Amino acid sequence: MCTYRYLKCIYINMLNMDLQNEENNKILIRHQKVKLPRTGRNTVKYKGDWNNLPDLLLENIFSFLDIGAKHNASKTCKLWYSTFHLPYSWHTFVFDDTTLTRRKFNYYSGWQYMLDHLRVQLCLQSIGRYVKVLVFKPITNFYNLYEFMNMISFYAEHGQGIGSRISTLQYTFPCNMATSRIDESVLYGTGGKLLEALKRLMGNLPSLERLELIDLMLDNEDAQTLLDQVCFYCCTTLKTLVLVNTTKYLCQMLHPGAFINLQVLVISPQNLGSDLLLMLSQIRLSHLHILQNRYTPIDIEPMDSFDWKHCVKTNATLKVHLRVESTRERQILWQPSSPVSSIIFKSPNMRMTAEILNKAIELYSDRLLTFGYLELPKFYQPSSFKERIDTALVKLIQVCPKLDTLMIREKISTCTLLLISYYGHSLKFLHVRRNAVILRCDWPRQNDWSDEFYQWLKKSSTSYEIVEEEIALSLGLSKWTMLNDRDFKRISPQLYSIYYK
């Protein structure tokens, strides 16, 4: 009997030792030891309890992943598998060339990705009611796009709850799909059955608050009926509307004026007219973005000054934003007498010239809040003071009393930076490329400068560190630094927190 008890105690101790070894192994796996190369000592590096993250944080992470990444992450552990089925994980749904498709061999075209209708059906029945943001990326397989939009419309029309919560729809058409060369003669537009499927889908989304239709390149007749159903169902809910190159040629669109609660409108200049401007002034629109890109026609006339004056008189809070996005040089379409508050150029080949700065001062000096160029330049920049734009930049700061954001990528001197911060009393955000700043005081002395001020300029311009400290003091910041090229490319002007992110 004693022998039996003794053996039983030994067996229990062995089990406890095994359990303890397993726990120690888990701890070693979680806290891996890393050997330092110099001292040779071992230090414990904590990896983090990724399997114990809160559900809200995991949902937010899953919402940024595509379907394949979500599926791979769900196979990690039980908690991540349960997060895969939570509603917010499917907040955004992106449809591209390979979404819910299977490979099929075509005798003429080889292997192609064809839409798998069974997968789409199971996907929509599982997570269709959770989707709030639906994004269609530019794809070349129009049959897959056509079938997918029709399936969503079918389930929405038959009361499945799919599409009832979608508040944002973004559709971008690949108008230059035929060739990589930018040429107006090879641009294609949406039409036919695909346009009917898009209009049917928009008519089945009653909760739309944001609608983006980019580069549709429609005929004028098709554009006149594009948003009829959206106006009928979402005339009170839509707040942000983006219509970029809805038509290839000049065609005024009146649909945006029917949305009574519209706050932000982004539109190309060929789709803007006097009648639309009159309607927009009546609905109390807050922000009007006039966007030009590489597909925008060149031969377009600006709006009449009388129309702008009447619009400002009716809606005094309206702010107009001029923006140019193009890979090649393009002239901005100035809008005289309009309440322009921001002018932004996003192009690597467009120069900041004295003519552009003087024109902005002449037309919008009283209201201008933001001015600058984005993207890194791909052209030669002179180093001589007479050939640079330092004088025009300082004049812009002096004449525009409300300017609070300035983005400079051209070559300037440290003395010019000090003058910009000195005269910019309302300046809050100053973004400057460090690689384009010359360590030099090349300004001739002006008549209104005192001897102490000029000596301060000459002394402070000899060091980048002193310039950064002085600018930080002028802007009322604890620290201000020049940006390297990587950080400058990430600049996003904070016009407001609703469109440009």
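We number each residue from 1, following the sequence as shown. Treat the numbers as computed from the prediction; the structure is a model and nothing was measured.
- Looking at Lys70, its side chain does come within 3.5 Å of a backbone N or O of Phe62 through a donor-acceptor pair.
- Here the closest heavy-atom approach between residue Met407 and residue Ile344 is recorded as CE-CG1, 4.5 Å.
- Note: His321 and His289 have parallel aromatic rings, judged against thresholds of 30 and 60 degrees for the angle between ring planes.
- Side-chain atoms of Ser341 do not come within 3.5 Å of backbone N or O of Leu368 as any donor-acceptor pair.
- Between the Arg409 side chain and the Leu374 main chain, a donor and an acceptor come within less than 3.5 Å of each other.
- Surrounding CG of Asn447 are at most 12 heavy atoms belonging to other residues, nucleotides or ligands under 6.0 Å away.
- Remark: Gln224 CD to Leu218 CG distance equals 10.5 Å, nearest 0.5 Å.
- Of the possible donor and acceptor atoms, one in the side chain of Gln252 sits under 3.5 Å from a partner among the backbone N and O of Leu276.
- Using a 4.5 Å cut-off on side-chain heavy atoms (C-beta onward), Tyr249 and Gln270 make no contact.
- Of the possible donor and acceptor atoms, none in the side chain of Arg328 sits under 3.5 Å from a partner among the backbone N and O of Asn349.
- Taking both residues in full, the closest heavy atoms of Leu265 and Pro256 are given as CD2-CB, 3.9 Å, listed atom of the first, atom of the second, then distance.
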With side-chain contact (heavy atoms from CB on, under 4.5 Å) as the criterion, how do Asp275 and Leu254 come out once you've worked through the C-alpha distance, each side chain's angles and the decisive distance to 0.1 Å? CA-CA 7 Å; Asp275 295 336; Leu254 301 178; 3.9 Å; yes
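- Other residues, nucleotides and ligands contribute over 12 non-hydrogen atoms within 6.0 Å of the OH atom of Tyr423.
- Taking 4.5 Å as the limit, some side-chain heavy atom of Leu211 sits within range of a side-chain heavy atom of Leu227.
- Using a 4.5 Å heavy-atom threshold, the side chains of Glu59 and Thr83 count as touching.
- Residues Glu410 and Met350 approach most closely at OE2-O, 4.3 Å, considering heavy atoms.
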Going through the checks in order, is the side-chain contact (heavy atoms from CB on, under 4.5 Å) test met by Lys199 and Leu195? CA-CA 6 Å; Lys199 293 167 63 175; Leu195 180 59; 3.9 Å; yes
Derivation and outcome, side chain to side chain donor-acceptor pair (under 3.5 Å), residues Gln263 and Ser286: CA-CA 5 Å; Gln263 298 296 319; Ser286 299; 2.8 Å; yes
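- Going from atom OG1 of Thr314 over to atom CG of Leu278 covers 7.0 Å, rounded to the nearest 0.5 Å.
- Two rings, from Tyr454 and Trp443, have their centers 6.0 Å or more apart.
- Separating the CG atom in Asn141 from the CD1 atom in Ile139 is a distance of 6.5 Å, to the nearest 0.5 Å.
- Between Lys137 and Asp97 no salt bridge is recorded (no basic side-chain N to carboxylate O distance below 4.0 Å).
- Nearest approach of Asn245 to Ser268, heavy atoms of both residues: N-OG, 2.7 Å.
- Here the closest heavy-atom approach between residue Glu375 and residue Lys346 is recorded as OE2-CE, 3.3 Å.
- Under the 6.0 Å cut-off for aromatic ring centres, Phe142 and Phe173 qualify, their centroids lying closer than that.
- Side-chain contact between Thr99 and Phe93: present, with at least one pair of heavy atoms (C-beta onward) separated by less than 4.5 Å.
- Within a 6.0 Å sphere centred on OH of Tyr380, heavy atoms belonging to other residues, nucleotides or ligands number more than 12.
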Evaluate Thr296 against Arg330 for side-chain contact (heavy atoms from CB on, under 4.5 Å), listing each step before the verdict. CA-CA 10 Å; Thr296 306; Arg330 173 178 288 271; 4.2 Å; yes
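- Partner Leu216 forms a side chain to side chain contact (heavy atoms under 4.5 Å, CB included) with one of Leu226, Thr172, Leu243 and no other, that one being Leu226.
- Side-chain atoms of Asp404 never come within 3.5 Å of backbone atoms of Ser426 as a donor-acceptor pair (strictly under, hydrogens ignored).
- Residues Leu457 and Trp449 meet the side-chain proximity criterion, which asks for heavy atoms closer than 4.5 Å.
- At least one donor-acceptor pair under 3.5 Å links the side chain of Thr462 to the backbone N or O of Lys459.
- Listed for the Tyr464 side chain is a donor-acceptor partner under 3.5 Å among the backbone atoms of Val437.
- Within the 4.5 Å cutoff, the side chain of Lys313 has no heavy atoms near those of the Ser281 side chain.
- A donor-acceptor pair under 3.5 Å is absent between the side-chain atoms of Asp219 and the main chain of Glu221, judged by distance alone.
- Expressed to the nearest 0.5 Å, how far CG of Leu291 lies from CG of Leu322 amounts to 10.5 Å.
- In this structure, OG in Ser463 is found 10.5 Å from CD in Glu470, a value given to the nearest 0.5 Å.
- Inter-residue side-chain proximity for Lys428 and Thr405 is flagged as unmet; no heavy-atom pair is nearer than 4.5 Å.
- Looking at Asn484 and Arg434, their side chains never come closer than 4.5 Å, going by heavy atoms from C-beta outward.
- Nearest heavy-atom pair, Ile389 versus Ala354, reported as atom, atom and distance to 0.1 Å: CG2-N, 4.1 Å.
- The distance from the CE atom of Met303 to the CG atom of Leu277 is 4.5 Å, given to the nearest 0.5 Å.
- Summarising the local packing, OH of Tyr113 is surrounded by 12 or fewer heavy atoms from other residues, nucleotides or ligands at distances under 6.0 Å.
- Within 6.0 Å of NZ on Lys319 lie no more than 12 heavy atoms contributed by other residues, nucleotides or ligands.
- Using cut-offs of 30° and 60° on the angle between ring planes, the pair Tyr373 and Phe371 is perpendicular.
- Applying the 6.0 Å contact sphere to NE2 of His91 captures more than 12 heavy atoms from other residues, nucleotides or ligands.
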Check step by step if side-chain contact (heavy atoms from CB on, under 4.5 Å) holds for Leu134 and Ile152. CA-CA 11 Å; Leu134 182 58; Ile152 296 179; 4.0 Å; yes
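- Under a 3.5 Å cut-off, the side chain of Tyr364 and the backbone N or O of Gln335 do form a donor-acceptor pair.
- Residues Thr247 and Asn271 bring a donor and an acceptor atom of their side chains to less than 3.5 Å of each other.
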